[in-house]
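Notes follow the structure.
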Amino acid sequence: MRWLKFNAVGTLGIGLQLAVLFALKSGFHLSYLPAAALAVEAAVVHNFLWHERYTWADRVQPSWRKSLPRLLRFNLTNGAVSILGNLALMKLMVGLGHMNYLIASGVAIALCSLANFLVSEEWVFEDDASTTE
């Protein structure tokens, strides 16, 4: 069930990421790689907020004291996997393969998804009860 929730949140994040990517590339004329990095970060923050309140709501209680370190862990893991994976894959698909940047972004998102779920499940959203003293 959690995998389904993760993917539901991810679907919203994909929409946000592609919209931000399109706006930055087409509207602000950024190169596709910086635009992709900023779009991924927007989706990472969006996804964190939803995962904390929906996907892993049974494990964690949002609070400034616990949410900020959790956001840092999420950004260092999911953010790093997503940004580095997206940039590397987009450089290959767009830069070398001449694929459309939005399609390449979608492929990169799909390829990074499983790694992000596993890291979130095992480390980022560990049960708050297991981490209290």
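Each residue takes its place number in the sequence, starting with 1. All values reported here derive from a predicted model rather than from experimental measurement.
Nearest heavy atoms, Ala104 versus Met93: O-CE, 3.2 Å. Between Leu21 and Ala39, the shortest heavy-atom distance links the atoms N-CB, 3.6 Å. Of all non-hydrogen atoms in Val20 and Ala42, the two that sit nearest each other are CG2-CB, 4.4 Å. Between Ser82 and Cys112, the shortest heavy-atom contact is CA-SG, 4.5 Å. The two residues Ala108 and Gly85 come nearest to each other via the heavy atoms CB-O, 4.5 Å.
Proximity of Val124 to Val119: side-chain heavy atoms (C-beta onward) are separated by under 4.5 Å at one or more points. The closest side-chain heavy-atom distance from Glu121 to Trp56 is below 4.5 Å. No side-chain heavy atom of His29 sits under 4.5 Å from any side-chain heavy atom of Leu24. Two residues are said to be in side-chain contact when any heavy atoms from C-beta on lie closer than 4.5 Å; Gln61 and Ser63 fail this criterion. Using a 4.5 Å heavy-atom cutoff, the side chains of Val81 and Thr77 are not in contact.
Using modelled atom types, one side-chain atom of Asn100 and one backbone atom of Ile103 make a donor-acceptor pair closer than 3.5 Å. Between the side chain of Ser113 and the backbone N or O of Ile109, no donor-acceptor pair lies under 3.5 Å. Between the side chain of Arg2 and the backbone N or O of Thr55 there is at least one donor-acceptor pair closer than 3.5 Å.
Put simply, CG on Leu68 and CG on Leu71 are 6.5 Å apart, with the number rounded to the nearest 0.5 Å. For the atom pair CH2 of Trp123 and CG of Leu118, the computed distance is 14.5 Å after rounding to the nearest 0.5 Å. To the nearest 0.5 Å, the span separating CG on Leu72 from CZ on Phe48 amounts to 10.0 Å. In this structure, OG on Ser105 lies 8.5 Å from CD1 on Ile14, to the nearest 0.5 angstrom. The line from NZ of Lys91 to CG of Leu33 is 6.0 Å long, rounded to the nearest 0.5 Å. Rounding to the nearest 0.5 angstrom, the gap separating the CG atom in Leu92 from the CG atom in Leu87 is 11.0 Å.
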_Verdict with supporting geometry, Glu52 and Phe74, side chain to side chain contact (heavy atoms under 4.5 Å, CB included)_ = CA-CA 10 Å; Glu52 188 174 63; Phe74 190 77; over 6 Å; no

_Applying side-chain hydrogen bond (donor to acceptor under 3.5 Å, both in side chains) to Ser31 and Tyr101, what does each step give before you reach the verdict?_
CA-CA 10 Å; Ser31 173; Tyr101 71 96; over 6 Å; no

*side chain to side chain contact (heavy atoms under 4.5 Å, CB included) assessment of Asn47 paired with Leu16*: CA-CA 10 Å; Asn47 289 356; Leu16 175 68; over 6 Å; no

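With respect to Glu126 and Arg59, no salt bridge is recorded, no charged nitrogen being found less than 4.0 Å from a carboxylate O.
In this structure, Phe6 and Trp3 have parallel ring planes: the angle between them is below the 30° cut-off, well short of the 60° mark.
By the 6.0 Å contact criterion, NZ on Lys5 is enclosed, its count of non-hydrogen atoms from other residues, nucleotides or ligands being greater than 12. Residue-environment remark: CZ (Phe22) stays at or below the threshold of 12 foreign heavy atoms within 6.0 Å.
Both Phe125 and Leu49 are members of a single hydrophobic cluster when ILVMFWY side chains are connected at heavy-atom separations under 4.5 Å. Hydrophobic cluster membership is shared by Leu102 and Met90, with clusters built from Ile, Leu, Val, Met, Phe, Trp and Tyr side chains linked at under 4.5 angstrom. Using a 4.5 Å cut-off between side-chain heavy atoms of Ile, Leu, Val, Met, Phe, Trp and Tyr, with links allowed through other members, Leu18 and Leu38 fall into different hydrophobic clusters. Leu4 and Phe117 fall into different hydrophobic clusters, where Ile, Leu, Val, Met, Phe, Trp and Tyr residues are linked whenever their side-chain heavy atoms come under 4.5 Å apart, directly or through other members.
For Glu41, the salt bridge (charged side-chain N to carboxylate O under 4.0 Å, His left out) test picks out no residue, with sequence neighbours left out.
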